[in-house]
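The structure appears right after this line, and notes come after that.
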Amino acid sequence: MSSILYSCLRRHQQGSACFQLLSHLQSLNIAQLHFDAHNNNNSNPSCSPHIELQRLLVEKSKSGFDNLADALAVFDKMLKSQPLPHDFHFNQLLTALVRMKHYNVVVSLFRDMCSLCVPIDVISFNIVINCCCHSNRIDFAFALLAGIFKRGFVPDVFTYTTLIRGLCCQHKSAEARVMFTNLVKFKEFEPNVVSYSTMINGLCKTGHTDMAVWLFRFMEKSECKPNTVTYSTIIDSLCKLGLVEDALKLHSEMIEKGVLPNGWTYASIIQVLCKLKRWEEVDRLLKQMINDMKVSPDVHIFTILVDAYSRSGKLDDAKRIIEIMNERGECPDTVTYSALIQAYCSQGQTDGALAVLNTIKSKKMKPNCYTYNILLDAYCRELKLDIAMDLYRNMACEGLLPTVETHNILLHGLCQLGISKEALTFFYKIQDQGHKLDIVIYRTLLDGLCKNQYVDKALSLFHLMRCNGLIPDKDTHNIIIRGCLRNKKYNEACKLMDKMVDCGFLADAFTTSLLQHLVLSEVQDPTLLAMHQKCLQSGM
DNA sequence: TTAGGGTTAG
């Protein structure tokens, strides 16, 4: 094993829980080797008594179990079988659980398997490593890599690709890159197209598209050529960076090289073209996708279109897309309907939006918090707080936990309506209920209180922020300073401005212009003049 | 039997 791998292992084996697992695996090592020898003599699948179990596992590893209890019951049955089923079958069970996204259960079962000397192989390890990565436990994943070595197994391309993906998901693409490079350098693994694509995606998602493009070009010159996923990954990153011409160029390049774009490729490009309102090109690409590439637009692409039309105020076009989807038998999902709700709301048609919400429910689909937030925002803008509050209560009835955005929308609505006392009561209620309060919530409430002549309440709240673990930022300082200025609390405003400057923030354009207005229009106040002078001197 | 890319938000 190369030194780089040792250093990766060391770095990721620092959690105590991780050490426990590692020592657990090490202690089982000798027993396992004995078991493997024993099992190899006794696990001939052809004379296995569990044909029915095997048939079930083949089916469930593809479709998944109906529920977790069923899967666990099968696992239990397998443990009680004599002789024990082959590692292949245990892996099938673990795979079925991975498909159901029960990652922690897989890790737990794997531990049981180790304790009970159930046969495991490098594939079992790979499955569990993948689960650790999905559960953001990269430390466990590396402990398991150590387990592979301890058992005398050899990590394969799946093992390393999974670990590289795990590191990238933890925003550790630099470590992933070093690991990738050194593994290749020391001939520990030969990356395939999935490994390259994984590394390229990790670099793209962590803001290193330039490096990703370099690796992509390197790959092109190697034996392992980029495929549709590799091209789509780079194209998506270029689109997200606004480098649409480069993305379109690469799209043409892939077609020339015979690598066919798929729905994912088109989704990225269509989305950026929609954002840029290059509608003719959107139409051209949609036609090319459907007619030339024979790629049917899926719910994802349709949702991008509904969202784009919604943002451009094209409600009729958004509705037309839903009709097309229904004609083609492509079911809009909650996200598609949320985009449609947004389209109605942005045209001031809240009743239409509410009808869409009811459509979602009538189709036995579950609206999510985002869906509700869009509607709540629209009703708050119309100052129909009673309807907004009804919807908020509906969320709770439907078992939806409101987000910090939900509360911010409602607080903003209450303040806009001029009922800041109610806003304050609502704020304390959500605080008592243990909901998350962020700086935006404070900004909204402080602004609302100041604008409704409750500046003293605002000042107490501002001073309480730190007690609640929130450090006032530049915007929050400016809001409270403007509130004091508007309410003629010039001394307080002056003190707060000094404090703000001490924190390293400057007055923003709104504050300086208000200050200038007051200096020009009010009776000459020495504090105001001093503040204005400070602003001028510091270049605010 | 194991690894890769996407949509909604104040």
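Per chain, numbering begins at 1; letters A, B, ... match sequence-line order.
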Nucleotide nearest [X] when distance is taken to its side chain, options [options]:
{"X": "Q342(A)", "options": "dT2(B), dG10(B), dG4(B)", "result": "dG10(B)"}
{"X": "T233(A)", "options": "dT8(B), dG5(B), dG4(B)", "result": "dG5(B)"}
{"X": "D307(A)", "options": "dG6(B), dT8(B), dG5(B)", "result": "dT8(B)"}
{"X": "I304(A)", "options": "dT7(B), dA3(B), dT8(B)", "result": "dT7(B)"}
{"X": "R311(A)", "options": "dT1(B), dG10(B), dA9(B)", "result": "dA9(B)"}
{"X": "F88(A)", "options": "dG5(B), dA3(B), dT1(B)", "result": "dT1(B)"}

Is there a donor and acceptor pair, one atom on the side chain of [X] and one on the base of [N], closer than 3.5 Å?
{"X": "S232(A)", "N": "dG5(B)", "result": "yes"}
{"X": "N192(A)", "N": "dG4(B)", "result": "no"}
{"X": "N227(A)", "N": "dG5(B)", "result": "no"}
{"X": "H412(A)", "N": "dG10(B)", "result": "no"}

F180(A) ring center within less than 6.0 Å of Y196(A) ring center: yes
Carboxylate-amine/guanidinium proximity below 4.0 Å for R482(A) and D508(A): yes
Show me the donor-acceptor pairs, under 3.5 Å and distance only, between side chains in residues 210-219 of chain A and residues at least two apart or in other chains.
unit_1  : atom_1 : unit_2  : atom_2 : d
R217(A) : NH1    : E220(A) : OE1    : 2.9
R217(A) : NH1    : E220(A) : OE2    : 3.3
R217(A) : NH1    : E253(A) : OE2    : 3.0

Close side-chain approach of I324(A) and R320(A), heavy atoms under 4.5 Å: yes
